[in-house]
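Below is one structure, written out as structure tokens; comments come after it.
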Amino acid sequence: MTLREVVTRVVALVAESTVLERDVRDDAAREGRLLVAGVLALSPGGLAQRLMVEPGLRPGEAEAIERALHRRLRGEPLAYAVGSAPFRELVLEVDRRVLIPRPETEVVVGEALRLTALRPGGVAVDIGTGSGAIALALATEGQFDEVLATDVSADALEVAAGNAQRLLRSAHAPVRFRLGADLAPLEGVRARVIVSNPPYIAYEDAEALPRSVRDWEPPVALFAAERGMARYHALLVGAQERLEPGGVLVLELDARRAAETAQIAVRQGFDDVRVVQDYSGRDRVLTARAPGA
């Protein structure tokens, strides 16, 4: 069987699935190509090029694609099925211990980098690092002395540390890892920027989530008490004590509660509180600056 025949088979089985969501089945060609490309560690463009210049399969590739396809057809998210997910300039290894990185979180990183671009140095912090997506993007694209990545889950930190070991070069800022919730692991730290994509889905909203999210991704990375606001309260109330004067806080937002979160930031005495939209025009990122120089 050629690579093209394998892609055709994968696309057909995705389209015929009774488990996958309708939007996935309706775009089976894209989904099937992403699955094959992910298994082969190729971009979609790289897969198209290989289909033209190398029609055959290398040893073990057919079996690896078949394993990933079987997992996907059971309803497992694509990133878990292939074991990786793209994020900005990185390709991260992911599994069920961590949240799958989303494109909207790339906007969060972009805002953190923009707000710290004029002056190199300092410590960048990623709270709730999961796969390490934010922390490693800051380490590879920013100009920080070091990056501190924290998570309440020891399993998540193991995934993040593995990604750091695989992806970081000596030219990049070193990344350290600490276990703990919210701001607790930042004892003794004065950060130039604190970034977080905290859990923000209300428990009562769980049934409205797609099955691929609700049934597969780690609840600790998805849900928060107080209508999804608990982690925002914890971060906004205490962040100034862990920021340098003039330091920046950057949070991913639940678009439905963006205005409420911004109001909390203002009440806590932050300056320059702004809400930034994501690629689809939804309120997605809160930026705020601690008082001082």
Side-chain angles (χ1 to χ4, degrees), residues 87-90 92 101 105-152 156-157 160-161 163-198 231-232 234-253 261-262 264-266 268-276 284-293:
F87 187 81
R88 290 182 67 93
E89 300 174 359
L90 307 170
L92 300 156
T105 306
E106 296 185 4
V107 182
V108 178
V109 173
E111 285 300 301
L113 293 171
R114 181 183 67 81
L115 292 168
T116 57
L118 294 181
R119 178 173 62 85
V123 178
V125 174
D126 172 22
I127 295 178
T129 196
S131 64
I134 291 175
L136 297 182
L138 293 174
T140 56
E141 297 182 56
Q143 304 179 70
F144 304 104
D145 292 328
E146 67 174 353
V147 178
L148 177 62
T150 77
D151 206 287
V152 71
L157 288 179
N163 279 321
Q165 185 175 19
R166 185 172 56 86
L167 295 172
L168 290 186
R169 304 190 303 270
S170 59
H172 296 146
V175 178
R176 296 184 294 121
F177 298 92
R178 290 186 183 180
L179 179 66
D182 301 323
L183 298 162
L186 304 191
E187 187 67 33
V189 173
R190 279 286 186 170
R192 185 168 169 213
V193 59
I194 295 175
V195 188
S196 182
N197 174 19
R231 304 279 64 80
Y232 291 130
L235 295 174
L236 288 164
V237 168
Q240 289 187 35
E241 297 179 5
R242 298 293 170 231
L243 284 167
E244 299 175 356
V248 179
L249 178 67
V250 184
L251 302 177
E252 181 165 325
L253 292 173
T261 310
I264 297 171
V266 171
Q268 290 299 317
F270 281 95
D271 296 330
D272 302 328
V273 176
R274 296 175 61 245
V275 173
V276 180
R284 185 59 63 189
V285 186
L286 175 81
T287 67
R289 192 174 296 277

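Not measured: the values here are computed from a predicted model.
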request  = Answer yes or no: is there a donor N or O on one side and an acceptor on the other, between the side chain of Gln240 and the main chain of Gln268, under 3.5 Å?
outcome  = yes

request  = Determine whether Leu167 and Thr140 make a side-chain contact, defined as any pair of heavy atoms from C-beta on separated by less than 4.5 Å.
outcome  = no

Kindly list each side-chain donor-acceptor pair under 3.5 angstrom involving residues 123-137, sequence neighbours excluded, with atom names and distances?
unit_1: Asp126; atom_1: OD2; unit_2: Thr129; atom_2: OG1; d: 2.7
unit_1: Asp126; atom_1: OD2; unit_2: Ala135; atom_2: N; d: 3.2

request  = Can you sort out the partners of Glu111 under side chain to side chain donor-acceptor pair (under 3.5 Å), two or more places apart, ordered by chain and number?
outcome  = Arg114

note = Nearest heavy-atom approach of Ala181 to Val152 is CB-CG2, 4.0 Å

message = If I compare all heavy atoms of Ala239 with all of Ile194, which pair ends up nearest, and what's the gap?
response = O-CD1, 4.2 Å

message = Among residues at least two apart in sequence or on other chains, which ones pass salt bridge (Lys or Arg N to Asp or Glu O under 4.0 Å) with Asp145?
response = none

note = Hits for side-chain contact (heavy atoms from CB on, under 4.5 Å) against Glu106, two or more places apart or cross-chain, chain-then-number order -> Phe87, Arg88, Tyr279

message = Among residues at least two apart in sequence or on other chains, which ones pass salt bridge (Lys or Arg N to Asp or Glu O under 4.0 Å) with Arg190?
response = none

task = Not counting sequence neighbours, which residues clear salt bridge (Lys or Arg N to Asp or Glu O under 4.0 Å) with Glu241? List them please.
result = none

query = Who passes side-chain contact (heavy atoms from CB on, under 4.5 Å) against Arg169, sequence neighbours left out?
reply = His172

message = Using the rule side chain to side chain contact (heavy atoms under 4.5 Å, CB included), only one of Val108, Val276, Leu286 pairs with Val250; which is it?
response = Val108

ask   = Can you check whether Leu251 reaches Leu235 side chain to side chain, under 4.5 Å on heavy atoms?
value = yes

remark   = Here the pair of heavy atoms bringing Tyr232 nearest to Leu253 is OH-CA, 3.2 Å

pair Val237-Leu183: side-chain heavy atoms closer than 4.5 Å = no

inquiry  = Please enumerate all residues that pass side-chain contact (heavy atoms from CB on, under 4.5 Å) together with Ala288, with sequence neighbours excluded.
reply    = Phe270, Val273

key: Shortest non-hydrogen contact from Asp182 toward Thr150   = O-OG1, 4.4 Å

note = Contacts of Asp151 meeting side chain to side chain donor-acceptor pair (under 3.5 Å) (sequence neighbours excluded), chain-then-number -> none

ask   = Listed by chain and number, what are the side-chain contact (heavy atoms from CB on, under 4.5 Å) partners of Arg176, not counting sequence neighbours?
value = Glu146, Leu148, Arg178

message = Just so I know, are the side chains of Val248 and Arg192 near enough to count as touching, which here means a heavy-atom distance under 4.5 Å?
response = no

request  = Look up atom CZ in Arg231 and atom CG in Asn197, then write down how far apart they are to the nearest 0.5 Å.
outcome  = 13.0 Å

key: Minimum-distance pair of heavy atoms, taken over all atoms of Leu138 and Ala112   = CD2-CB, 4.1 Å

request  = Kindly write out the residues that satisfy salt bridge (Lys or Arg N to Asp or Glu O under 4.0 Å) with Arg242, not counting sequence neighbours, or none if the list is empty.
outcome  = Glu187

inquiry  = With side-chain contact (heavy atoms from CB on, under 4.5 Å) as the criterion, how do Leu249 and Leu236 come out once you've worked through the C-alpha distance, each side chain's angles and the decisive distance to 0.1 Å?
reply    = CA-CA 9 Å; Leu249 178 67; Leu236 288 164; 3.5 Å; yes

Over all atoms of both residues, closest heavy-atom pair of Pro198 and Glu252 = CD-O, 3.8 Å

